[in-house]
Protein chains: 2
Amino acid sequence: MLTRSSTELVRQRNSVLVLAALRRHGALSHTEISDFTGLSSATISAITADLEKGEVIEKSEQQAASGRGRPRVQFRPRRDCGYLIVVIISSDGVQYSLVDYAGTLIDRFSEERSHDPHGAARFADAVGEGLERLLSRSRLSRTKIKLISLSSKGLVSSDDAVLLWSPIFGSERIDFEAALRASWQAKIILDNETLLVAAALGAREDAGNPDGLRSLAALSLGHSIGLGIVRNAGPAEREISAPNFGHMLHVANGGLCRCGSRGCIEAYAGFYAILRMAFEVPDDTIPAKFVPVGELDKIAARARQGHRMSAFAFRQAGVALGNGLSRLLSLTERMPVAITGPGTRYYDLLRPGIEEGLAQSHMVRMQGMPELRVVFDEPLLVFEGHLNRALSVIDGDIVQAGFHI
Amino acid sequence: MLTRSSTELVRQRNSVLVLAALRRHGALSHTEISDFTGLSSATISAITADLEKGEVIEKSEQQAASGRGRPRVQFRPRRDCGYLIVVIISSDGVQYSLVDYAGTLIDRFSEERSHDPHGAARFADAVGEGLERLLSRSRLSRTKIKLISLSSKGLVSSDDAVLLWSPIFGSERIDFEAALRASWQAKIILDNETLLVAAALGAREDAGNPDGLRSLAALSLGHSIGLGIVRNAGPAEREISAPNFGHMLHVANGGLCRCGSRGCIEAYAGFYAILRMAFEVPDDTIPAKFVPVGELDKIAARARQGHRMSAFAFRQAGVALGNGLSRLLSLTERMPVAITGPGTRYYDLLRPGIEEGLAQSHMVRMQGMPELRVVFDEPLLVFEGHLNRALSVIDGDIVQAGFHI
DNA sequence: ACTTAATTTCTCGACTGTCGAGAAAATAAT
DNA sequence: ATTATTTTCTCGACAGTCGAGAAATTAAGT
């Protein structure tokens, strides 16, 4: 609101509006774009002509037969306008994906991550090598890569692509911007993984019913706990954030967390915490680095057969999550919570605790229990979130640069 | 971003830009406006001519002698362009203020609030009567009132001016929009009191050093606990929110709170809670309705003289606040915390607890203790916040309506 | 007293943008 | 072939910003 406006800016904004419509609804004709954006037909002519001359969009070959009258000619993004690399960093490894401007996957491979403990410094270089490999396999010009979109669990400074805290490297920071800037002129962004899940769910949601949803939280359960929030601020404008939920204080002087603090939510609801409690290990024991899922499956099986301590471990985990969510909801507005991640397989065991933990707060007593839903297929959502976010960033950059830099 | 733009909108935005500059810096000349807004001189001529014709601004009489050359002629908002009523609802009473478009106070009086317990329904009417009284004293035309800006402690739905939960009326909702809409065509807004404090502090802050501050929290200590957050989102764009901090869960199954729940922060840090703990009353005792400040002063005096239980009560209160703040900061970014309200007189007793409570979290261990500052003069800040917010709302409305409805 | 320099404000033409109306294009139905 | 229908394109009107230079107005210099 408080920066000066000019007529050129109007054109820029309306151009990204057109591109966004194309992303959301696929190939569109002149009149459809006009309908979706609310811009007049004449303006659409002007903008599409510009975008076409700038080699950003192209006329689709197959024109949708629309009955009588002059046939519609559809526009769509040009695949070769620019390329995007998606890098998903997980505890097992790193997945590299090359995607074109139309959002279709071109190449993908994964690399094992060395579990070198003091490898934080080296890790950024390893990612650099992975990127080089992807580029050389593609035979594309380096300048065609417009954006490198990274994601990881943990705490992230998204402005400057610095990983501040991660489950694997702790508080050894990794500055991807600094590490990659020399070799790439592509923009580099880094987001929290669960934030992207939330973004994807939000996009799916209001693809179904536009402006139906106000906000939504995604809670990812696994070895660590992630949370992403998407909030509809203003007309069709989404705002996303990734609070440091897993390491929010659950109880003062509580169980020892992987991060070195005591009493974090993760120290009760992370996989290692459930394991610790199920085996009645003192809660100041140093947490296990990795817990195979099979191990937790066994505990879950025992809990389902009535083993008291195993059931209690899941219930305690649920209460920690429920209390945390209640605190979150006290600070925001009421919103539905989508639960994802490998931990969803134990949702039957966690749910009673979550509801108990939620019910202990003023907020829930006043406004009722928030809607809880379980969403599977987390990896797919992460990738979808990358695409949603990255492609719209590229759109903005291209338009701002006056098509083609 | 996702609504269509047009040239007219550009003019609107730039017009409010000019008005905002006038608000922030007082009367300004043509060239000064150009400097502050970044708009060209020609544009300033066009916009100021429009605003002057629309009777929104006027040329100031006293022209600042600026040495050689053609003397500067200053613009300022016309006092009679519109009027604003500020209604501050507190536990003691209701204060009504009439303010003109230039932001100067014209009339003010306070009314005792009847402590009628089932008076929620009647209260809105009482406010209506107060407004009538203010209007008739002013001899202004009713249509000249452009905005009624209310504030209260508690939980508020700001879009539609509904008080959802307040310390006095509990969860009996009060719909001011519905109650006043019939008699007033002025816009009606309702904000949380501490939110306005945060807004005022934020405005003061970046009046000092522009874009120096990223965000800020205001914590109001008193019979109840209030919190407001102001966040700088984008260039010179502020976002404010008032989370339900006082009733965020502190400890599960903890002390009984005034709201009926157990374990809220307020049930440990509110004045009644400190009283309860100092006298070793069981913490499930129904909280006192009102605690005279003198009573708490006595406890503070004893605590300062070394009385164990009194000191402990303040320390516990501090820990509750500290834990709550640590949770808040886990979910947002690190930000300075300004402490206001009557409770600041006990800050010496509270501080150790607050710091202990903060230190128990991962966030604080990683990023260090947030800056804590004490700010007196809360009532002044509340009024200042009203003005900041209300006048810019009026500016927006006037411009949108094409000067004069 | 007159001129000159300095500074501020105003005005004009160029440019960019959106929009509505209607022309042009292209196909199906008659 | 012609007509109806639908889509796309084009043109002129209008709104806005900007840079450059003209006009206004005062202080300083002679």
Side-chain angles (χ1 to χ4, degrees), chain A residues 3-18 21-22 27-54 57-76 399-400 402-403, chain B residues 3-18 21-22 27-54 57-76 399-400 402-403:
Chain A
T3 183
R4 81 170 210 269
S5 284
S6 63
T7 49
E8 289 90 340
L9 246 162
V10 169
R11 167 56 69 92
Q12 276 190 24
R13 293 171 68 98
N14 285 338
S15 295
V16 311
L17 199 63
V18 168
L22 247 41
L28 292 181
S29 72
H30 184 110
T31 37
E32 287 168 325
I33 297 175
S34 171
D35 288 349
F36 282 124
T37 59
L39 294 165
S40 78
S41 165
T43 305
I44 301 298
S45 282
I47 290 178
T48 50
D50 272 13
L51 289 173
E52 206 179 353
K53 204 178 321 172
I57 62 173
E58 62 188 355
K59 291 203 173 94
S60 169
E61 299 308 308
Q62 19 102 218
Q63 53 220 29
S66 50
R68 211 131 69 130
R70 180 170 171 173
R72 299 181 164 188
V73 34
Q74 296 192 306
F75 292 98
R76 65 174 176 207
V399 166
Q400 198 157 23
F403 320 136
Chain B
T3 181
R4 77 169 213 268
S5 284
S6 62
T7 50
E8 288 91 339
L9 244 161
V10 168
R11 166 56 69 91
Q12 277 192 23
R13 293 171 69 98
N14 286 337
S15 296
V16 312
L17 199 63
V18 168
L22 247 41
L28 292 180
S29 72
H30 185 112
T31 38
E32 287 169 324
I33 297 175
S34 170
D35 287 351
F36 281 125
T37 59
L39 293 166
S40 78
S41 166
T43 305
I44 301 298
S45 282
I47 289 178
T48 50
D50 271 13
L51 289 173
E52 206 180 353
K53 204 176 324 168
I57 63 174
E58 63 189 354
K59 290 203 173 93
S60 170
E61 298 310 307
Q62 21 98 225
Q63 54 219 31
S66 52
R68 211 125 75 125
R70 179 169 173 174
R72 299 181 164 190
V73 33
Q74 297 192 305
F75 292 99
R76 65 174 177 208
V399 166
Q400 200 158 21
F403 320 136

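So that the names make sense, note that chain A is the first sequence line, chain B the second, and so on, each numbered from 1.
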#### Entry: Closest approach of B/Ala21 to B/Leu28 (non-hydrogen atoms, all atoms of both residues)
O-CD1, 3.7 Å
### Query
A/Glu8 has a side chain; which of D/dC9, C/dG17, C/dT27 sits nearest to it?
C/dG17
### Message
In this structure, how many angstroms lie between the P atom of C/dG20 and the CD1 atom of A/Ile44, rounded?
### Response
12 Å
### Summary
d(B/Leu17 CG, B/Leu22 CG) to nearest 0.5 Å is 11.0 Å
### Query
Looking at CD1 of A/Ile57 and CG of A/Leu51, how far apart are the two atoms once the value is rounded to the nearest 0.5 Å?
4.5 Å
### Summary
Closest non-hydrogen contact found for B/Ser34 with B/Ser41 is OG-N, 4.1 Å
#### Entry: Earlier contact from the 5' end, DNA chain C, for B/His30 and A/Ala46
B/His30
### Task
Please report the shortest heavy-atom distance between B/Gln12 and B/Val399, naming the atom on each side.
O-CG1, 3.6 Å
### Task
Calculate the interatomic distance between A/Lys53 atom NZ and D/dC9 atom C1'; express it in whole Å.
14 Å
### Summary
Of all heavy-atom pairs linking A/Ala27 and A/Gln74, the shortest is O-NE2, 3.6 Å
### Query
Can you name the closest pair of heavy atoms from A/Ile47 and A/Ser15 and give their distance?
CG2-OG, 4.0 Å
### Task
Grab the CG-P distance between B/Leu51 and D/dG16 for me, whole Å please.
12 Å
### Query
Of the nucleotides C/dT18, C/dT9, C/dA26, which one has an atom closest to the side chain of A/Ile47?
C/dT18
### Message
Using whole Å, what does the distance between atom C1' of nucleotide C/dT9 and atom CZ of B/Phe75 come to?
### Response
9 Å
### Task
Rounded off to whole Å, could you give me the CD1-to-C1' distance for the B/Ile33 and C/dC10 pair?
14 Å
### A/Arg68 side chain, from C-beta outward: closest of D/dC9, D/dT17, C/dA28
C/dA28
### Query
Nearest nucleotide by nearest heavy atom, which residue falls closer to the 5' end of DNA chain D, A/Thr31 or B/Asp50?
A/Thr31
### Message
Tell me whether the side-chain N/O atoms of A/Asn14 come closer than 4.0 Å to OP1 or OP2 in C/dT18.
### Response
yes
### Message
So, does A/Thr43 get its side chain near the phosphate of C/dC19, meaning an N or O under 4.0 Å from OP1 or OP2?
### Response
yes
## Note on the structure
Between A/Glu52 and A/Phe75, the two heavy atoms sitting closest are OE1-CE2, 4.0 Å
#### Entry: Nearest-nucleotide pick for A/Arg70, side chain only, options being C/dT18, D/dT6, D/dA24
D/dT6
### Check: D/dC9 base within 3.5 Å donor-acceptor of A/Ser41 side chain
yes
### Message
Quick check for you: among D/dT8, C/dG17, D/dA20, whose closest atom lies nearest to any side-chain atom of B/Ala42?
### Response
D/dA20
#### Entry: Out of D/dC18, D/dA15, D/dT7, whichever nucleotide has its closest atom nearest the side chain of A/Arg72
D/dT7
### Axial bend angle, the helix from C/dA1-D/dT30 to C/dT30-D/dA1: five-pair end segments, nearest 10°
30°
### Query
So does B/Thr7 reach the base of D/dC14 with its side chain, donor to acceptor, closer than 3.5 Å?
no
### Task
Can you tell me the distance, in whole Å, between the CG atom of B/Leu28 and the P atom of C/dT9?
11 Å
### Query
To the nearest Å, how far apart are B/Arg11 CZ and D/dC14 P?
17 Å
## Note on the structure
Atom CD of A/Gln74 and atom C1' of D/dT8 are separated, to the nearest Å, by 14 Å
